[in-house]
Amino acid sequence: MARKFTPTPLKLRKPVPPDIEIAQEATLKPILQVAEEIGLLPEELELYGPYKAKVKLEVLERLKDRPNGKYVDVTAITPTPLGEGKTTTTVGLSQALGAHLGKTVFTCIRQPSQGPTFGIKGGAAGGGYSQIVPMEDFNLHLTGDIHAITAANNLLAAAIDTRMYHEWRQTDEQLFNRLCPPAKDGSRKFSPTMLRRLKKLGIDKTDPNDLTPEEISRFVRLDIDPDSITWRRVIDTNDRMLRTIEIGLGPDEKGFTRRTGFDITVASELMAILALTTSLEDMRERIGRIVIGTNKKGEAITAEDLGCAGAMTVLMKDAIKPTLMQTLEGTPAFVHAGPFANIAHGNSSILADMIALKLVGPDGFVITESGFGADIGMEKFFNIKCRYSGLIPQVVVMVATVRALKMHGGGPKVVAGKPLDPAYTEENLDLLRAGLPNLIHHIKVARKFGVNVVVAVNAFATDTEAELELVRKAALDAGAVDAAVCTHWAEGGKGAVKLAEAVVKAAEMPSNFRFLYDLDLPIKEKIEIICREVYGADGVDYLPEAEKKIELYTQLGFDKLPLCMAKTHLSLSHDPSLKGEPKGFRVPIRDIRASVGAGFLYPLVGSMRTMPGLPTRPVFYDVDIDFETGRVVGLF
């Protein structure tokens, strides 16, 4: 029996202090109380100190017959480089539903990378009086999931180069004797992953001694084409000097060198797999299907072929469990997975959402968040995440700000770390009106999926009543169920009560969710549907490399996968300088890559940076420790 939910009162201060001060002044419930209030059993938890815990997947079996709650996705218009408060709105809405309207609610959000936390963006726990706490834990190591992905990713990277090195130096017989060494009695055995490779090769034998010389050669020699390798090493730090490196320069490698590089850990396909998996068994299969490149015949080479898919799964066996935390007002939150929102799908995990929907029950709400604007994170939430989860969303919350809409109306460039131009802090209805087509476009995109839309106008102190009302009216005219002005950053859940009431109303209205495209369509047709229907493009142009990959992936049978478009988040188009609602443009597809384990192809629309760099003055300059209290200072 779940314990009655008790809200945590906020200690509101004006002016609003820095995020870390608010988080450290907060009263936190013991995580055991948070768990009990939402209906989790003590044996379903793995505690990581007093304020966070992993939740075991067995809870899904216990609650399998309970109907799901209402499923709400928080997205946004095309943002400025500063972001428009999407996570803050997600948390504020949850606090309003749970602490002010008495609804059972769960927040599901991504774990942030340490790269942006120490770079220029800062943390991602929300902000002001709408945060996930403990904020320091949230933004740093948390429960070690990102480190587990780093370890598993780099194990595979090491396996690739090691295998090529040994194949380069050894005969088939030597390779076989090392892969399946004979015991004293002459017997040999295959490991479980080797049996999976044999099955793929069509060799129906379980005793290594029964293999013919031709079968031995096929089994032991992967013959990886070095130029085809797409798997790179990862680290969870913004380190621009690792973008391109040369490996194998040591004396023992005897000249076996190649060029490769590092990505940031959250860009690893393993992070996308963690976010899209539905069970430990499913994760093991997905990791085995990871394609790292091809052999010299053009056939796909997988993590299973390299023999390390099982070990990679073991490294991630605890990372698959969502981490339970809480908001400032004591409502429960899952923090799980953190895939990039451009080259990956940019959403928190399916497993966190599945567990949360069961825990809140049919009258409750799960508020999840998708990365960047509706043209990126929301489109991928619907077309990729919902396909693999089978979960049906009822409502989209579209976050908009006067600041972003003024930028889309032709306002001066917005640069992170630089003061805003007065155009953004003084009333300018004409500039705002000129930017409204961006909001209207995003609302129409969400409605194409058959989901009800509520607009959250995230108000800043410099916004005027006339500006806020202009945005609200435009949203209603564009087909939003409602549009609410929100002040949750300064007031917590109290400042998002109108938004929460609108979400409750929208969730009760009929909806008719549908995917934008059928998976059986050819790759080009799926690309063109997204570019036309979501971005508003006139057409698509394919560069030679993209044409080559379309042919290869169709031949390899990857053409039935959904698409994860890798494009800028700063414009509806492929060109970040095109603001508002661009017209008359064509989308260039530079290349296409395959995340077969995660289960999608990602066309590259322009160049995507998978390893950010640090600015001259990173925010790590401000981060330190107070020796008297033991507290972290300087995080934001």
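Position 1 is the first residue of the sequence, and the numbers go up from there.
- Looking at every heavy atom in both residues, I376 comes nearest to K567 through CD1-O, 3.7 Å.
- Between S130 and T88, the side chains place no donor N or O within less than 3.5 Å of an acceptor N or O (distance only, hydrogens not considered).
- Ring centroids of Y51 and F138 are separated by 6.0 Å or more, keeping the two rings apart.
- Judged by distance alone, the side chains of T610 and D263 do bring a donor and an acceptor atom under 3.5 Å apart.
- Side-chain polar atoms of S94 and T107 form a donor-acceptor pair below 3.5 angstrom.
- Taking a 6.0 Å sphere around NZ of K103, one finds it holds 12 or fewer heavy atoms contributed by other residues, nucleotides or ligands.
- A salt bridge between K505 and D482 is present, with a side-chain N of the basic residue lying under 4.0 Å from a carboxylate O of the acidic one.
- With sequence neighbours excluded, the residues satisfying side-chain contact (heavy atoms from CB on, under 4.5 Å) with D19 are Q131, M135, W489.
- Here the rule is side-chain hydrogen bond (donor to acceptor under 3.5 Å, both in side chains) with H100, and of E329, E501, K494 only E329 fits it.
- Side chains of D73 and S370: a donor on one and an acceptor on the other come within 3.5 Å.
- At a cut-off of 3.5 Å, with distance as the only test, a side-chain donor of T143 or T323 sits close to an acceptor on the other residue.
- Ring geometry for H147 versus H141: interplanar angle of 30 to 60°, hence tilted.
- Annotation for E43: atom CD counts as buried by contact number, over 12 foreign heavy atoms lying within 6.0 Å.
- Taking the six-membered ring wherever Trp is involved, the centroid distance between the rings of Y71 and F365 does not fall below 6.0 Å.
- A side-chain donor from one of S113 and D236 sits under 3.5 Å from a side-chain acceptor of the other.
- Note: H569 and F372 have parallel aromatic rings, judged against thresholds of 30 and 60 degrees for the angle between ring planes.
- Side-chain atoms of S348 and D353, non-hydrogen and from C-beta on, do get closer than 4.5 Å to each other.
- Residues satisfying the side-chain hydrogen bond (donor to acceptor under 3.5 Å, both in side chains) test with K444, not counting sequence neighbours, are none.
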